[in-house]
Amino acid sequence: MRMMNGVGFIGVGNMASAIAKAVRASKPEQALYLYNRTPERIYELSQALNAFQVERERLDVDLLARCEYIFVGVKPYGMKSLFEEELAPYLSEDEPKVWISMAVGYPLKDLKTLTPASHRWIRIMPNTPVEFGEGYVSYCYDPAIEASKVGYVEALLQEAGRLQYYDESQFDAAGAVAGSGPAFIYQVIEALSDAAVSHGIPRQEALEMAAQTVVGAGQMVLASGENPGALKDRVTSPGGTTIAGVKALEANGLRHAMISAVDATYQRSVDLSDQA
Ligand SMILES: NC(=O)c1ccc[n+]([C@@H]2O[C@H](COP(=O)([O-])OP(=O)(O)OC[C@H]3O[C@@H](n4cnc5c(N)ncnc54)[C@H](OP(=O)(O)O)[C@@H]3O)[C@@H](O)[C@H]2O)c1
């Protein structure tokens with residue numbers, strides 16, 4: 001077998017770019033190979049990460065022949081055509097790879113049909129804050145994979161943030177909270193900063209105030225290990241200002257809105273799994 005010391009990325013959009021940054025932070029010396037359908041989109045990233053940018057015509061020799069571990073960052077609907085139409089001629093039983101898929105709603109049983117039987121699959125469900133080491137990455141894997149290979153991928157992602165193994169049956173739920181959660185929280189931050197602006201605080205300061213408040217509250221939950229309900233009780237004095245705001249949130253259904261958002265995301269992920 002050829003020496004395959006590189007780590008590859010195929011389909012380097014929003015999510016895979018963030019993962020590539022995390023992998024670079026975890027492994028400063030690791031050779032990274034990036035391939036994206038539209039090459040111009042990853043010129044700057046390749047330079048910033050000191051990664052090799054691979055051309056379409058040289059995908060086999062410059063990426064597939066050099067990498068045993070390959071992250072796949074195309075959209076779920078692009079997975080089948082990528083493997084069946086573009087990669088299949090270069091994949092063989094006797095050069096097995098470890099593929100790491102971030103595709104929402106694409107289960108291991110379907111991922112395994114995309115490659116020869118000796119190849120192995122890991123599913124990750126990351127979120128974009130992995131770029132700053134503040135992400136949450138759920139993962140699960142094909143039970144046939146060697147523990148050392150899972151360990152290698154864990155090491156690649158050690159600077160991404162929190163890594164947590166989940167049984168695949170819980171993957172859609174984990175993805176609905178952590179994968180899509182940043183989008184929900186951006187809306188919370190936007191709403192909080194709109195409120196601040198409406199009370200005369202300049203936009204930029206309002207955004208920083210709102211974002212830092214969310215970061216601080218999250219850190220408080222993690223660092224204290226306390227239930228958020230108890231933390232809320234500590235900052236709501238009887239007849240005070242904060243409890244008036246809490247009451248308004250309850251009246252406007254904040255909890256129901258958040259739970260519904262996760263339910264809708266979860267259902268969409270289940271529907272996509274059925275179509276994969
Ligand atoms: N965004 C998130 O927060 C998030 C969270 C969890 C999981 N995910 C998963 O991450 C994956 C990517 O999502 P995304 O939001 O990063 O989408 P995206 O920004 O559209 O990235 C997809 C990338 O794949 C490239 N691509 C498509 N077909 C290709 C092919 N045949 N060969 C090479 N490159 C190809 C696209 O290239 P072009 O530049 O030509 O379009 C694009 O750069 C999805 O499977 C999604 O389910 C995303």
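We use all heavy atoms of the structure for the numbers below, so side chains are in, but hydrogens, waters and symmetry mates are not. Indexing begins at 1, ligand by ligand and atom by atom, following the structure's order. For this chain, numbers begin at 1 and follow the sequence in order.
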Given a heavy-atom cut-off of 4.0 Å, could you list the residues near ligand 1 in chain and number order? Gly11, Val12, Gly13, Asn14, Met15, Tyr35, Asn36, Arg37, Thr38, Arg41, Gly73, Val74, Lys75, Pro76, Leu82, Glu86, Met102, Ala103, Val104, Met125, Pro126, Thr128
If we ignore hydrogens and angles and just use 3.5 Å, is the side chain of Gln30 paired with the main-chain N or O of Asn5 as donor and acceptor? yes
Determine, for Arg203 against Asp194, whether the closest basic-nitrogen to carboxylate-oxygen distance falls under 4.0 angstrom. yes
Please report the shortest heavy-atom distance between Phe184 and Ala176, naming the atom on each side. CE1-O, 3.7 Å
According to side chain to side chain contact (heavy atoms under 4.5 Å, CB included), who are the partners of Glu168, at least two apart in sequence or on a separate chain? Pro107, Leu108, Arg123, Cys140, Phe171
Under 3.5 Å, is there a donor-acceptor pair between the side chain of Asn127 and the main chain of Tyr136? yes
Establish, from distance only, whether the side-chain atoms of Gln158 and Glu154 form a donor-acceptor pair under 3.5 Å. no
